[in-house]
**Q** 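Quick one: the structure is below, questions incoming.
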Amino acid sequence: MTTFLFWNLYKKPLQGIVANLARRHEIDVLMLAECSIAPDTLLNALNRSDAPEYHHVSSPGCTRIELFTRFPYEFIPTIHDESRLTIRHLQLPDLTDILLAVTHLSSKLHQRDSSQSYECLTTTGYIRAMEQEIGHSRTILVGDLNMNPFEDGMVAAMGLNGVMCRNIAARGTRTIQSVEYPFFYNPMWSLFGDASPGPPGTYYSAVSEQVGYFWNMFDQVLIRPELLEHFNNEDLKILASAGDTPLLSRRGLPNKSDHLPILFKLNL
Amino acid sequence: MRNLWPNDIAVVAAVDTKPPVAILREQAALLGQSTQNLVEAQVAEGQQSVTLADGMVQVARRIRGEYTQPSRRTIFVYDFFITAPSLYYKYRAFTIQHNIDLYPVQIDADEDIHTEITPEGAERIIEAASETEFMEILGRIFATEKIRHVIGALLTQIDVVAETA
């Protein structure tokens with residue numbers, strides 16, 4: 001199994017907790033947003049034990065995401081980079097190769113909803129371009145999308161076209177006005193609310209407006225249909241602790257970063 | 001049958017204005033020369049089915065619940081990438097779009113570049129009304145700290161890889 005972790009650190013010095021999570025869950029690919037920890041500092045924290053060594057796989061064009069992996073760069077080269085998006089071609093020996101797109105999209109504080117939707121549109125465009133270039137659509141999109149799974153950019157056919165059911169995603173595409181749009185499966189829908197396993201979402205925001213959700217699912221992983229056989233929903237978790245260190249306050253709200261980490265695995 | 005077309009219909013009028021893509025290709029070639037082709041620039045056709053301006057209009061209409069359909073205007077879209085072939089690396093610096101008239105040309109720069117070259121709160125899409133304006137904006141883009149950082153980091157990485165090989 002190849003294990004992935006994404007966490008928006010809110011610029012907090014959480015290297016100890018990150019290293020704890022990496023060791024505890026044997027993380028192979030560690031993806032961080034709002035990471036102000038110097039790469040060397042985090043590498044020192046990650047590489048203390050006798051476990052396989054982590055590498056900082058540099059991506060000079062993408063300034064919003066830091067990646068650390070147990071693999072050398074040549075196994076996870078960058079095939080598309082820009083400030084908020086990095087697309088890697090993960091090719092591990094004797095395993096199924098995939099495209100790993102990691103992103104930190106603009107926040108609602110700085111963008112209108114229509115602008116956020118447009119960002120989904122351009123993100124999808126570059127993912128599809130790379131899928132065409134590489135020759136397959138075994139793609140994972142992960143990151144802080146700053147949107148909930150039900151928002152327009154996430155569900156629009158021209159956007160990320162994310163659906164909540166495997167059997168719908170498994171159809172591959174949907175056609176609107178003679179144009180085919182490939183699906184993503186969005187398993188994050190199933191983690192909403194307090195009747196789901198784990199925390200009710202990944203980001204909490206108390207609101208004083210009429211419409212407010214309190215818990216949001218901004219941090220998401222979306223999976224192309226071609227990878228569904230490699231993914232089990234049971235291997236997707238929103239983490240509420242790092243061993244003995246809780247990531248939630250006594251009131252059950254994130255208290256280390258303002259986001260919670262998401263962990264998932266792929267059987268490649 | 002009587003031919004109603006003017007005799008000189010196929011004579012292409014001399015065009016004084018250089019197409020934006022030609023300017024981009026020239027500049028791309030110059031970067032390679034400056035770096036012994038270790039870091040290059042690449043101009044590629046962007047996706048025409050959803051273009052910058054059309055995409056924004058379509059999304060806005062979708063949100064308002066209006067019926068949308070893909071634009072049928074002829075629009076030319078080009079992405080400008082900084083690449084390091086030996087590292088399999090590609091960075092999208094900006095995308096341009098224009099119609100059959102060549103100018104104005106719209107420029108959608110990578111966010112970090114946009115922040116450096118425009119005042120706070122500026123529109124995301126920069127428009128150049130003429131070849132002169134376009135070249136001025138390109139000059140500003142190429143001089144940004146972001147572009148310098150990307151190229152510098154790539155050259156450093158290439159050196160490291162060469163030393164350990």
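Residue numbers begin at 1 in each chain, while the letters A, B, ... track the order of the sequences.
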**Q** So B:Lys146 and A:Thr63, side chain to side chain contact (heavy atoms under 4.5 Å, CB included) or not? Walk me through it.
**A** CA-CA 10 Å; B:Lys146 180 64 182 275; A:Thr63 49; 3.9 Å; yes

**Q** Is B:Lys90 paired with A:Glu133 through a side-chain N to carboxylate O contact shorter than 4.0 Å?
**A**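 Between B:Lys90 and A:Glu133 there is a salt bridge, with a charged N closer than 4.0 Å to a carboxylate O.
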
**Q** Answer yes if the side chains of A:Thr86 and B:Tyr91 hold a donor-acceptor pair under 3.5 Å, and no otherwise.
**A**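 Short answer, no.
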
**Q** Let me confirm one number: the CD-CZ distance from A:Glu82 to B:Phe94, rounded to the nearest 0.5 Å.
**A**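 Separation between the atoms: 13.0 Å.
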
**Q** Quick check for you: to the nearest 0.5 Å, what is the distance between A:Asp81 atom CG and B:Leu154 atom CG?
**A**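 The distance works out to 9.0 Å.
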
**Q** How long is the span from the CG atom in B:Asp108 to the OG1 atom in A:Thr122, to the nearest 0.5 Å?
**A**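 Between atom CG of B:Asp108 and atom OG1 of A:Thr122 there are 7.0 Å.
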
**Q** Roughly how far, to the nearest 0.5 Å, is OH of A:Tyr73 from OH of B:Tyr89?
**A**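 Result: 7.5 Å between the selected atoms.
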
**Q** Please give me the minimum heavy-atom distance between B:Glu111 and A:Ser106, naming the atom from each residue.
**A**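 Result for this residue pair: OE1-OG, 4.0 Å.
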
**Q** Testing the basics here: between A:Gly61 and B:Val150, what is the closest heavy-atom pair and its distance to 0.1 Å?
**A**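 Smallest interatomic distance, heavy atoms only, reads CA-CG2, 3.9 Å.
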
**Q** So, B:Asp110 side chain and A:Ser83 main chain: donor-acceptor pair closer than 3.5 Å or not?
**A**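 Pair found, side chain donor or acceptor close to backbone of A:Ser83.
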
**Q** In this structure, are over 12 heavy atoms from other groups packed under 6.0 Å from A:Tyr10 atom OH?
**A**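 12 or below, so no.
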
**Q** With rounding to the nearest 0.5 Å, note down the distance linking OH in B:Tyr88 to CZ in A:Arg88.
**A**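 CZ of A:Arg88 is found 15.0 Å from OH of B:Tyr88.
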
**Q** Ion pair present between B:Asp112 and A:Arg64, side-chain N to carboxylate O less than 4.0 angstrom?
**A**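 A salt bridge is present here (some side-chain N lies under 4.0 Å from a carboxylate O).
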
**Q** Under the criterion side chain to side chain contact (heavy atoms under 4.5 Å, CB included), I'd like the reasoning laid out for A:Tyr126 against B:Arg92: C-alpha separation, chi angles, the key distance, then a yes or no.
**A** CA-CA 10 Å; A:Tyr126 289 116; B:Arg92 184 192 75 92; 2.8 Å; yes

